[in-house]
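Please read the structure below before turning to the comments.
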Amino acid sequence: MLKRVKERFDLHPERLIADTAYGTGPMLGWLVDRKIAPHIPVFDKAGRSDGTWSRADFEWDAENDQYICPEGEALKQFRRNYSDPNRGPTGKGVALYRALKLTCQICPSKAKCCPNADARKITREEHEDARQVARDIAKTRQYDISMKLRKKVEMLFAHLKRILGLGRLRLRGPCGANDEFLLAATAQNLRKLAKIFPAPQQMRKA
Ligand code: SF4
């Protein structure tokens with residue numbers, strides 16, 4: 001769709017608004033790579049329901065490629081330099097960051113952090129930077145406005161489905177769907193126009 005819009009209208013969006021279904025790492029990474037701000041809730045399963053600290057409670061230190069835990073200790077992927085570059089960080093896939101076992105064993109917050117493990121581990125996916133961009137955007141006022149705009153569009157689809165009866169298509173294939181949607185959207189726009197420019201009232205004859 002973005003490619004088509006670019007080719008037809010020479011438009012490149014600054015931001016893209018969508019729901020959580022589009023908030024996966026690869027999708028966010030794809031957008032951020034193309035300098036499109038993702039106004040999309042992040043699809044994140046890293047949250048914990050047992051009351052222990054989740055990944056969001058750990059601070060990411062990009063410069064040193066490490067996480068810092070709430071007790072100020074470092075979680076690292078590698079603790080020494082490998083002479084073989086294939087054994088070092090590749091920047092691809094899921095990376096695992098570990099705290100030192102000795103540190104965690106004597107930590108006063110262990111019960112809140114990793115009650116069932118010797119030391120805390122945290123995974124970091126390939127597109128975590130892009131996910132963080134989306135998380136930071138989600139704290140802005142512009143994001144709140146974007147979410148309101150998204151709801152407005154969704155209301156139109158809900159109207160098409162419930163009021164104009166488009167819950168089910170009658171014609172087959174993509175062309176049929178296109179025709180039906182085009183007609184329904186035309187009807188929707190005419191309805192809107194009629195509200196904006198109401199027909200002049202006829203005077204009743206005495
Ligand atoms: S248990 Fe380990 S990782 Fe967790 S807060 Fe303590 S030192 Fe940090």
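Counting starts at 1 for both ligands and their atoms, following the listed order. Residues: numbered from 1 along the sequence shown. If you're wondering where the values come from, they're calculated on a predicted model, not measured in any experiment.
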Keeping Arg55 on the side-chain end and Thr123 on the backbone end, is there a donor-acceptor pair under 3.5 Å? yes
The atoms of ligand 1 lying under 4.0 Å from a heavy atom of Trp53, numbered in the order shown, are 5 (S)
Among all protein heavy atoms in this structure, tell me which lies nearest to atom 3 (S) of ligand 1, with the distance rounded to 0.1 Å. Arg120 CB, 3.6 Å
Is the Trp60-Tyr97 ring centre distance short of 6.0 angstrom? yes
Report the part of Cys104 (side chain from C-beta onward, or backbone N, CA, C, O) that has a heavy atom under 4.0 Å from ligand 1; answer both or neither where that applies. both
Is the distance from atom 2 (Fe) of ligand 1 to some N, O or S atom of Cys114 under 2.8 Å? no
Electrostatic pair Glu128:Arg131 at N-O distance under 4.0 angstrom: yes
Heavy-atom contacts with Glu73 under 4.0 Å: which atoms of ligand 1 show up? List them by number with element. 7 (S)
Could you check atom 6 (Fe) of ligand 1 against the protein and tell me its nearest heavy-atom contact, residue, atom and distance included? Cys107 SG, 2.3 Å
Could you check atom 8 (Fe) of ligand 1 against the protein and tell me its nearest heavy-atom contact, residue, atom and distance included? Cys69 SG, 2.4 Å
Metal proximity, Cys113 vs atom 6 (Fe) of ligand 1, N/O/S cut-off 2.8 Å: no
When every non-hydrogen atom of Pro38 is compared with those of Val133, the smallest separation belongs to CD-CG1, 4.2 Å
Using modelled atom types only, decide if a donor and an acceptor are shared between the side chain of Glu73 and the backbone of Ala99 within a distance under 3.5 Å. no
If you take all heavy atoms of Ala177 and Leu169, which pair is closest and at what distance? CB-CD1, 3.6 Å
